[in-house]
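Notes follow the structure.
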Amino acid sequence: MARYLDIHPVNPQQRTVDQAVGILRDGGLIAYPTDSGYALGAQLGDKDAIDRIREIRKLDDKHHFTLVCRDFAQLGQFVHVDNSIFRAVKAATPGPYTFILPATREVPRRLLHPKKKTVGVRIPDYPIVTALLAELGEPILSTTLILPGETTAMTTAWEIQEALDNQVDAIVDPGDEVVGEPTTVVDLSEDAPQVVRVGAGDPSRFE
């Protein structure tokens, strides 16, 4: 049965942040709110948690996991950002974008796209996520919480509890529905940027 962690959406209580991060460090899987709906989150190298995410979402090995990062400096530890795209990415973060980029050796192999050796990265602008990342000290391995057969992310803690109570270890609840469009996904791993999904972020700067 999942633990229910009530948290303030603007001023997250440190005690609750500590509890959520403790669950991640212990190999747990959490459902947590972001600026684009709920996400599933795990510690970066935790194989069991990754397998649980794949099972919940019915993902194949071509799915791009996302590393949710605290800031641009942290992002740069896990993906290669060359000079040609540095300014564009930096100008768009923090914000509602996910970028697919070539991974560095800091990223566990099991998280990479099997052929392209890429991974998704993003820097949200959302107080709860910022607090979790500051305490954890590394990116949160994440994927949007979209159940099989659905097209939109889950937005309320109670519906997650009904659907996944025995499949996640904690649900972080800010009290209200978590609003926000999905991120705009931009693949920057090839010569020219490719907008993979149009979401909340303005895609025109990458077209």
(request) Kindly say whether Ile146 contributes a backbone atom to a donor-acceptor pair with the side chain of Glu150 at under 3.5 angstrom? (result) no
Please set out all donor-acceptor pairs under 3.5 angstrom arising from side-chain atoms of residues 39-48, sequence neighbours excluded.
{"from": "Asp46", "atom 1": "OD1", "to": "Asp48", "atom 2": "N", "distance (Å)": "3.2"}
{"from": "Asp46", "atom 1": "OD1", "to": "Ala49", "atom 2": "N", "distance (Å)": "2.9"}
{"from": "Lys47", "atom 1": "NZ", "to": "Asp51", "atom 2": "OD2", "distance (Å)": "2.9"}

(request) Give a yes or no on whether the backbone of Gln77 and the side-chain of Thr104 come within a donor-acceptor separation of less than 3.5 Å. (result) yes
(message) Can you confirm whether Thr156 sits close enough to Val178 that some side-chain heavy atom of one is under 4.5 Å from a side-chain heavy atom of the other?
(response) no
(message) I'd like to know if the side chain of Tyr32 pairs up with that of Ser142 as donor and acceptor (distance under 3.5 Å, no hydrogens or angles considered).
(response) yes
(request) Spell out, as yes or no, whether a donor-acceptor pair under 3.5 Å connects the side chain of Arg57 to the backbone of Leu145. (result) no
(message) Would you say that Ile7 contacts Val17 through its side chain, given a criterion of any heavy-atom pair below 4.5 Å between the two side chains?
(response) yes
(message) Going by the rule side chain to side chain donor-acceptor pair (under 3.5 Å), which residues pair with Thr183 if we only count those two or more places apart in sequence or in a different chain?
(response) Thr98, Arg197
(message) Going by the rule side chain to side chain donor-acceptor pair (under 3.5 Å), which residues pair with Thr66 if we only count those two or more places apart in sequence or in a different chain?
(response) none
(request) Please assess Leu164 against Leu147 for the test side-chain contact (heavy atoms from CB on, under 4.5 Å), listing each intermediate value before the final yes or no. (result) CA-CA 10 Å; Leu164 301 175; Leu147 293 180; 4.1 Å; yes
(request) Can you sort out the partners of Asp60 under side chain to side chain donor-acceptor pair (under 3.5 Å), two or more places apart, ordered by chain and number? (result) none
(message) According to side chain to side chain donor-acceptor pair (under 3.5 Å), who are the partners of Tyr38, at least two apart in sequence or on a separate chain?
(response) none
(request) Keeping to residues at least two apart or across chains, list the salt bridge (Lys or Arg N to Asp or Glu O under 4.0 Å) pairs with something in residues 121-139. (result) Asp35-Arg122
(request) For residues Asp173 and Leu5, determine if any side-chain heavy atom of one lies less than 4.5 Å from a side-chain heavy atom of the other. (result) no
(request) Would you check if Val79 and Leu75 make a side-chain contact, meaning some heavy-atom pair closer than 4.5 Å? (result) yes
(message) Between Val89 and Leu188, is there a side-chain heavy-atom distance shorter than 4.5 Å?
(response) yes
(request) Please tell me if the side chains of Pro203 and Val186 come closer than 4.5 Å, counting only heavy atoms from C-beta onward. (result) no
